[in-house]
Amino acid sequence: MAHDHHHDHHHDGHSHGHEELERPWQAVRTEAVESLLADLGIIDPARVDEIVRYYEEKVGPKTGARVVAKAWTDPEFKARLLANGLEACAELGIGGPETEYLHVVENTPEVHNVIVCTLCSCYPWTVLGLPPAWYKSSAYRSRMVREPRRLLAEMGLPLQDDVRIQVWDSVSEIRYLVLPERPAGTDGLTEEQLIEIVSRDSMIGVAKLPVQDQGSQS
Amino acid sequence: MAHDHHHDHHHDGHSHGHEELERPWQAVRTEAVESLLADLGIIDPARVDEIVRYYEEKVGPKTGARVVAKAWTDPEFKARLLANGLEACAELGIGGPETEYLHVVENTPEVHNVIVCTLCSCYPWTVLGLPPAWYKSSAYRSRMVREPRRLLAEMGLPLQDDVRIQVWDSVSEIRYLVLPERPAGTDGLTEEQLIEIVSRDSMIGVAKLPVQDQGSQS
Amino acid sequence: MNGIHDMGGLHGFGAVEVEADEPVFHARWEGRVYAMTQQLDTRGVYSLDEHRHEIELMGTPSYLLDGYYGRWLFAMERILDRKGILTRAEVDLRLSEIGADALAPTRPDREARHWPLAPEELTPWGAWRRDRDADIVPKFAVGDRVRVRNLHPEGHTRLTAYIRGKVGTVSIVNAQAWVLPDTRAHNRGENLQPVYNVDFPADEVWGPQAEPNVTVKVDLMEDYLEREV
Amino acid sequence: MNGIHDMGGLHGFGAVEVEADEPVFHARWEGRVYAMTQQLDTRGVYSLDEHRHEIELMGTPSYLLDGYYGRWLFAMERILDRKGILTRAEVDLRLSEIGADALAPTRPDREARHWPLAPEELTPWGAWRRDRDADIVPKFAVGDRVRVRNLHPEGHTRLTAYIRGKVGTVSIVNAQAWVLPDTRAHNRGENLQPVYNVDFPADEVWGPQAEPNVTVKVDLMEDYLEREV
């Protein structure tokens with residue numbers, strides 16, 4: 001613990017020297033750093049605004065849902081996707097020169113895939129956006145590799161013992177996306193309609209997609 | 001972290017709800033628990049006083065030093081001590097029915113022994129008293145089993161690579177006491193005088209005893 | 001359980017800071033907590049295995065920040081609460097009364113608790129059952145090669161993580177009757193058995209980063225070991 | 001380094017708490033820290049390996065308490081300070097001026113720092129060197145049995161502790177040019193090499209406490225593996 005250099009509050013457990021401020025200490029430190037870097041021309045606050053907005057508004061699980069819906073409806077695309085996730089996504093205009101290498105792993109009635117990163121919180125930003133807090137939690141990171149069955153059940157996805165669970169600990173720079181099973185009751189849906197039913201959690205592997213009621217569509 | 005039930009200060013990192021008190025929160029909680037247990041007749045505060053005084057005044061490394069000095073001056077006692085530490089200590093009136101099992105391990109020019117407990121801070125209370133804070137520290141517990149040479153050197157005891165280091169991780173209820181090498185220059189000392197030169201750290205194994213200057217004794 | 005208490009081999013804790021002329025207790029409360037624990041032990045309220053396991057259940061930051069006797073205090077409060085001897089609500093009330101400098105704090109009701117304990121509820125603190133030593137027949141002998149089992153119990157264990165799966169040589173057979181902490185901590189029996197000291201060459205444990213000419217000697221319950229063939 | 005960041009298999013963190021309708025950022029500062037890091041990365045100020053290793057150097061309680069983006073903030077401040085781009089003293093001064101609601105905070109001196117970086121000091125953030133893929137000749141093939149080396153480096157590594165020493169089977173060969181985090185984090189070279197996905201049966205990893213019919217699939221650098229014979 002020699003390295004908590006910039007805030008002593010954890011050493012005594014009680015105060016951080018900024019209790020007079022109502023904002024979290026992280027907010028104040030961030031303001032200090034950003035304002036200094038802006039003064040120095042190292043950071044452009046307007047560009048910071050843009051990046052924040054981009055991740056808040058433009059990137060998210062909808063991108064992954066497009067990939068999934070396309071794979072469900074186009075067997076040849078699916079084959080290319082499973083062979084080389086990055087190149088197949090590029091066909092849909094997803095990714096760019098900086099995109100991480102991507103493996104798409106397919107869930108079936110026999111094999112269930114789920115993604116975790118025990119060492120930090122690696123996550124396929126390009127197709128799913130930024131990860132939810134639970135994905136970054138100590139509980140998820142510590143438990144998913146050791147007791148996936150129990151944890152998935154706790155999270156609402158009980159699996160029979162004859163379903164093999166594959167836990168992908170994505171600690172390298174390769175990223176994973178789960179291709180969930182296409183639920184029953186979706187035969188009549190268009191690709192656009194399918195995009196709407198693909199949840200983020202199903203593409204991480206902590207949920208299945210529910211059977212759809214096609215009554216209103218047919 | 002579901003279990004920090006009785007003080008929330010670590011969850012927000014900032015306050016523990018008792019900052020109006022000048023005393024550490026542990027002191028206030030201890031007072032509350034002790035006063036309640038005393039009210040209920042479960043704890044006798046006078047007996048608490050006695051126990052505290054006993055450990056502050058009556059128990060300490062001097063006891064271990066008596067064992068060491070005796071072993072240095074009585075080869076038959078030393079043989080019995082190395083064979084069965086508990087029984088040999090009992091000859092000196094040390095221990096009692098509740099005393100932990102004790103192995104005494106001998107340092108030589110070829111082999112250096114050092115004691116640690118990685119899991120909590122097990123320590124031979126009967127012969128050394130309560131452990132110093134550094135023995136209980138995360139740094140000592142984590143490092144002594146992995147890099148004893150480097151850590152001993154940092155603590156002032158550099159050892160040549162041809163000296164074998166034995167690190168005793170005393171995670172069972174068996175306790176260890178290091179029998180340090182008798183330093184040069186002590187041939188003329190009485191057992192009582194020897195007791196005075198045996199340091200606590202030499203009996204943990206993080207120090208050697210320095211060569212004595214016998215000029216004033218001879 | 002796998003947790004921060006099992007520190008052997010971790011990096012990042014910096015230098016060992018030695019305090020000159022250190023007192024036995026650094027504050028009055030430390031001595032009180034120590035001595036109260038000892039009194040409760042003497043009365044058979046809890047065993048050292050319960051004490052240690054309760055400490056392992058602390059949140060990681062609290063474990064590292066509350067101090068050694070702060071951990072003991074945590075264990076004492078939690079065990080007394082769970083056993084119905086002194087509830088958390090009672091402690092919280094007393095705390096608030098201390099904080100308010102109350103003239104006459106609320107007296108706890110002697111009847112409203114599980115006290116005194118019944119004889120069958122009493123547990124000895126220590127782990128050595130001298131009266132049962134004669135029952136013990138060790139499986140392993142000095143010089144035997146043993147492999148540490150790769151166990152990851154959710155509950156208490158004294159099987160340190162850093163030597164799981166490693167091969168060593170038995171150097172001492174403690175053929176006395178020792179309580180198995182893994183079961184007693186959860187009131188699932190004493191499972192008396194020998195304790196072995198096992199020698200592990202440092203490179204077996206730490207690989208290429210091991211220091212030269214170092215033996216790590218770990219005390220292990222018989223149930224933690226299997227014969228290496 | 002062995003530390004709390006390497007959490008795979010730890011007990012004691014409780015249930016996974018899922019937040020309904022979670023925002024992308026929970027507070028304004030989180031988004032600022034994220035976006036500032038990305039801007040600094042784009043400018044080649046530090047790599048993801050430096051970023052991650054700096055986070056590993058946090059004290060354990062801070063790591064657990066400061067929040068995900070609090071870790072990023074810690075890394076940013078420390079790296080900027082170490083590289084002479086923005087000192088801790090400057091941040092502390094600005095903090096105190098914010099705290100005092102100062103009319104005109106002290107302007108930092110543009111000359112008194114290591115900025116801009118020289119071209120040879122710039123580092124890419126990512127780990128894939130597409131232009132070097134042709135140089136890569138993998139040692140292992142799909143189906144090969146490999147043993148994870150028992151490494152305990154003091155510095156950065158992505159070799160998670162829970163599979164060290166374990167035997168698995170190569171399931172994917174990523175025969176591209178991937179930077180070795182262990183050296184780049186310390187500016188000791190890129191050491192381009194393949195990344196393998198290796199299958200470990202859960203009982204190889206967790207012993208008798210393993211769940212049935214589970215495979216743990218871990219991405220590992222070639223240098224982390226040796227052939228199992």
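Quick note: numbers below take in every heavy atom, side chains included, and nothing from hydrogens, waters or symmetry partners. Remember, predicted model here, so these are calculated numbers, not experimental data.
- Counting heavy atoms from C-beta outward, A/Glu56 and D/Phe25 have side chains that approach closer than 4.5 Å.
- A 6.0 Å sphere centred on CZ of D/Arg132 holds no more than 12 heavy atoms belonging to other residues, nucleotides or ligands.
- D/Trp178 has its side chain out of reach of A/Ser172: every pair of non-hydrogen atoms, C-beta onward, lies at least 4.5 Å apart.
- At a threshold of 4.5 Å between non-hydrogen side-chain atoms, the residues D/Trp115 and A/Leu40 do not count as touching.
- Only the backbone of D/Asp109 comes within contact range of chain A, with heavy atoms under 4.5 Å apart.
- The shortest non-hydrogen separation linking D/Gln176 to A/Tyr101 is NE2-OH, 2.9 Å.
- In this structure, no portion of D/Met221 lies under 4.5 Å from any heavy atom of chain A.
- Note: D/Gly9 leads D/Ala27, D/Gly9, D/Pro23 in heavy-atom pairs under 4.5 Å with chain A.
- Contact between D/Gly14 and A/Ala139 at its shortest, heavy atoms only, is O-CB, 3.6 Å.
- In this structure, chain A has a heavy atom under 4.5 Å from the side chain of D/Asn174, while its backbone stays farther away.
- Residues of residues 45-56 of chain D placed with any heavy atom under 4.5 Å of a heavy atom in chain A are listed by number as D/Leu48, D/Arg52.
- For A/Glu147, the parts lying under 4.5 angstrom from a heavy atom of chain D are both the backbone and the side chain.
- In terms of heavy-atom proximity, D/Phe13 sits nearest to A/Ser138 at CD2-CB, 3.4 Å.
- Separating the CG atom in D/Leu40 from the CG atom in A/Leu37 is a distance of 6.0 Å, to the nearest 0.5 Å.
- Annotation: side chain of A/Trp168 is not in contact with side chain of D/Val216 (no heavy-atom distance under 4.5 Å).
- Contact of D/Tyr162 with chain A is made through the side chain alone, with heavy-atom distances under 4.5 Å.
- Across A/Val163, A/Val111, A/Asn113, A/Val59, the residue that shares the most heavy-atom pairs under 4.5 angstrom with chain D is A/Val163.
- Looking only at heavy-atom pairs under 4.5 Å with chain D, the residue among A/Thr30, A/Val33, A/Val116 that has the most is A/Thr30.
- Residues A/Arg149 and D/Val214 share a closest heavy-atom pair of NE-CG2, 4.2 Å.
- Of the residues considered (A/Val48, A/Ile51, A/Val52), A/Val48 shows the highest number of contacts with chain D, using heavy-atom pairs under 4.5 Å.
- Of all heavy-atom pairs spanning D/Arg158 and A/Val171, the tightest one is NE-O, 2.8 Å.
- The contact between D/Val91 and chain A is made by backbone and side chain atoms together, counting heavy-atom distances below 4.5 Å.
- Within the 4.5 angstrom heavy-atom criterion, only side-chain atoms of D/Leu80, from C-beta onward, approach chain A.
- When each of A/Leu151, A/Ile43, A/Ile42 is scored by its heavy-atom pairs under 4.5 Å with chain D, the top score falls to A/Ile42.
- Heavy atoms of A/Leu130 lying under 4.5 Å from chain D belong exclusively to its side chain.
- Looking at D/Arg43, only its side chain comes within 4.5 Å of chain A, counting heavy atoms on both sides.
- Among the candidates A/Pro131, A/Cys120, A/Cys117, the residue making the largest number of heavy-atom pairs closer than 4.5 Å to chain D is A/Cys120.
- Counting heavy-atom pairs closer than 4.5 Å to chain D, the top residue among A/Pro148, A/Gly60, A/Ser170, A/Ser137 is A/Pro148.
- In this structure, the side chains of D/Asn213 and A/Ile165 stay at 4.5 Å or more apart for every pair of heavy atoms.
- Residue contact with chain A, scored on non-hydrogen atoms closer than 4.5 Å, involves the backbone and the side chain of D/Leu10 alike.
- Proximity to chain A (any heavy atom under 4.5 Å) is restricted, for D/Glu17, to the backbone atoms N, CA, C and O.
- The minimum heavy-atom distance linking A/Lys136 with D/Tyr69 is given by the pair NZ-CE1, 3.8 Å.
- Two residues are said to be in side-chain contact when any heavy atoms from C-beta on lie closer than 4.5 Å; D/Arg32 and A/Asp49 meet this criterion.
- With values rounded to the nearest 0.5 angstrom, D/Asp219 atom CG is found 5.0 Å from A/Ile174 atom CD1.
- Look at D/Glu77 and A/Arg29 and you find a salt bridge, because one of the NZ, NE, NH1 or NH2 atoms lies within 4.0 Å of a carboxylate O, short of that distance.
- Taking D/Thr106, D/Val33, D/Val16, D/Val24 one by one and counting their heavy-atom pairs under 4.5 Å with chain A, the maximum is reached by D/Val16.
- Counting heavy atoms from C-beta outward, D/Lys217 and A/Val167 have side chains that stay 4.5 Å or more apart.
- Residues passing the ring pair (Phe, Tyr, Trp, His ring centres under 6.0 Å) test with A/Tyr135 are A/Tyr123, A/Tyr140, sequence neighbours excluded.
- Using a 4.5 Å cut-off between heavy atoms, A/His103 touches chain D through its side chain atoms alone.
- How far CD of A/Glu173 is from CH2 of D/Trp128: 12.0 Å, rounded to the nearest 0.5 Å.
- Residue A/Gln166 holds its CD atom at 6.5 Å from CG of D/Asp199, rounded to the nearest 0.5 Å.
- With values rounded to the nearest 0.5 angstrom, A/Gln26 atom CD is found 15.0 Å from D/Trp72 atom CH2.
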(message) Run the side-chain hydrogen bond (donor to acceptor under 3.5 Å, both in side chains) test on D/His11 and A/Arg143 for me, step by step, so that the C-alpha distance in whole Å, both residues' side-chain angles and the decisive distance to 0.1 Å come before the verdict.
(response) CA-CA 7 Å; D/His11 294 89; A/Arg143 295 181 60 194; over 6 Å; no
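- With values rounded to the nearest 0.5 angstrom, D/Met7 atom CE is found 8.5 Å from A/Ser121 atom OG.
- Within 6.0 Å of atom CD in D/Glu19, more than 12 heavy atoms from other residues, nucleotides or ligands are found, so the atom counts as buried in its surroundings.
- Using a cutoff of 4.0 Å between basic side-chain nitrogens and carboxylate oxygens, A/Asp39 and D/Arg94 are scored as salt-bridged.
- With a 4.5 Å cut-off on non-hydrogen atoms, A/Arg53 does not touch chain D at all.
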(request) Take A/Trp125 and D/Tyr34 through the ring-ring contact (aromatic ring centres under 6.0 Å, His included) test and state the conclusion after the steps. (result) CA-CA 13 Å; A/Trp125 294 354; D/Tyr34 178 82; 5.4 Å; yes
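- Within the 4.5 Å cutoff, the side chain of A/Val145 has no heavy atoms near those of the D/Phe200 side chain.
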